[in-house]
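Letters go in sequence order (proteins before strands), and every chain restarts at 1. Please read all numbers here as calculations on a predicted model, not as lab measurements.
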2 protein chains.
Amino acid sequence: MQAGVSIGEAARVSGVKVPTIRYYEQVGLLPEPPRTEGNRRLYEARHLSRLAFIRHARELGFEVDAIRTLLDLQDHPGQSCSPADSIARLRLQDVKERIARLNALKAELERMIEGCSHGTVAECRVIEVLADHAKCGHPGH
Amino acid sequence: MQAGVSIGEAARVSGVKVPTIRYYEQVGLLPEPPRTEGNRRLYEARHLSRLAFIRHARELGFEVDAIRTLLDLQDHPGQSCSPADSIARLRLQDVKERIARLNALKAELERMIEGCSHGTVAECRVIEVLADHAKCGHPGH
DNA sequence: ATACGTCCTCCAGTGACTAGAGGAGCAAGC
DNA sequence: GCTTGCTCCTCTAGTCACTGGAGGACGTAT
């Protein structure tokens, strides 16, 4: 086991930016690492793997609060994993809803753009649809 | 033409909350309406239709800045609609990208959840995948 | 006259960062 | 030994599009 790496190095290997790493420490996602004599953070393997965990979870769209719970579970491997399972299921549900909503938006945007005759604003379907909700495929929203 | 409606009434018919209406005025999306003797806002038809426009555009995910441009175009109907068209196209591009990313997340979340054996955290696939990026379908992210 | 609902302004908070000011540590070249 | 330039430190404030609360005024019904 070596000494550890600087915050810049940690940023490089994890793909998380330096200020974001400090932010994660500040909000309690990442434990405070030891420091050098000159007061610089020195990250060890456990910090780096935790950082990778956080990054992956953020990429999957988990909120910081959810990640805190997931990390806490990881620290207690004997517990039931059903909280982790239900956090992931909630997230999946959320993702599915977003996809459905975005597909509706996509359809409406495509209809708007397709109807545009590239003339003046007065006859622009984009503006017209925005101004009058009744003119869109009004899918609920 | 009647007098106009209160901010509460405007909120009711537009579906935009009262503080949000005041916020739109503050950031210059909605013109300042006339006031009553008692200093209350009185919205006229033009304000209400502008509010509907804003709401619809926000629902489609246009940013406030983009909406400002779109409203400006609406106020000058003789201009070419190509700026409106390109704002909408950019938005569509963005929506498409989001859908693609969310579909990838959905696949990964489903794989995670499916692999969960409902036992302890130690053998939980959800935690495991989060901890080790190599264990997911690593679709680019 | 009183009670209640709606309205007013102003200021602070949300989430998850991001950017900048102002200063100190550290390695290399001259 | 000194300077240059990079990385690091803390602290504060800004982003986006709202949202919420304090503290007070107006308006209407009883």
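The side chain to side chain donor-acceptor pair (under 3.5 Å) test applied to A/R101 returns no partner, not counting sequence neighbours. Legend: residues meeting salt bridge (charged side-chain N to carboxylate O under 4.0 Å, His left out) with B/E97, ordered by chain and number and at least two apart, are absent. Under the side chain to side chain contact (heavy atoms under 4.5 Å, CB included) criterion, A/A57 pairs with A/F62, A/I67, B/L130, sequence neighbours left out. Checked against side chain to side chain donor-acceptor pair (under 3.5 Å), A/D65 has the following partners two or more places apart in sequence or in another chain: A/R68. Under the rule for a side chain to side chain donor-acceptor pair (under 3.5 Å), the partners of B/R91 that lie at least two apart in sequence or sit in another chain are B/D94. Applying the side chain to side chain contact (heavy atoms under 4.5 Å, CB included) test to A/S80 and every residue at least two apart in sequence or in another chain returns A/S82, A/P83. The salt bridge (charged side-chain N to carboxylate O under 4.0 Å, His left out) search around A/R50 returns A/D75, not counting sequence neighbours.
A residue-by-residue look at A/G38 and B/I7 shows that B/I7 has its nearest nucleotide of DNA chain C further toward the 5' end. Each of B/E63 and B/R40 lies near DNA chain D, and the nucleotide nearest B/E63 is the one positioned closer to the 5' end.
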Heteroatom pairs (N/O) under 3.5 angstrom, protein to nucleotides 28-30 of chain D:
none

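If you walk DNA chain C from 5' to 3' and mark each nucleotide with an atom closer than 4.0 Å to a heavy atom of chain B, the marks span C/dT6 to C/dT9.
Within residues 9-29 of chain B, the residues having any heavy atom closer than 4.0 Å to DNA chain C are, in order of number, B/R22.
Among residues at least two apart or in separate chains, side chain to side chain donor-acceptor pair (under 3.5 Å) pairs with a member in residues 14-34 of chain B are B/E25-B/R41. Within the structure, the side chain to side chain donor-acceptor pair (under 3.5 Å) test picks out no pair touching residues 116-132 of chain A (sequence neighbours left out).
B/L48 and B/L42 are not part of a single hydrophobic cluster, where members link through side-chain heavy atoms under 4.5 Å apart.
In this structure, B/I67 places its CD1 atom 10 Å from C1' of D/dA17, rounding to the nearest Å. In this structure, the CD atom of B/E59 is 15 Å from the C1' atom of D/dA17, given to the nearest Å.
Applying the 4.0 Å criterion to OP1 and OP2 of D/dC26, one finds that B/T36 has every side-chain N and O outside that range.
Under 4.0 Å is where a charged nitrogen must lie from a carboxylate oxygen, and between A/R12 and A/E9 at least one such pair does.
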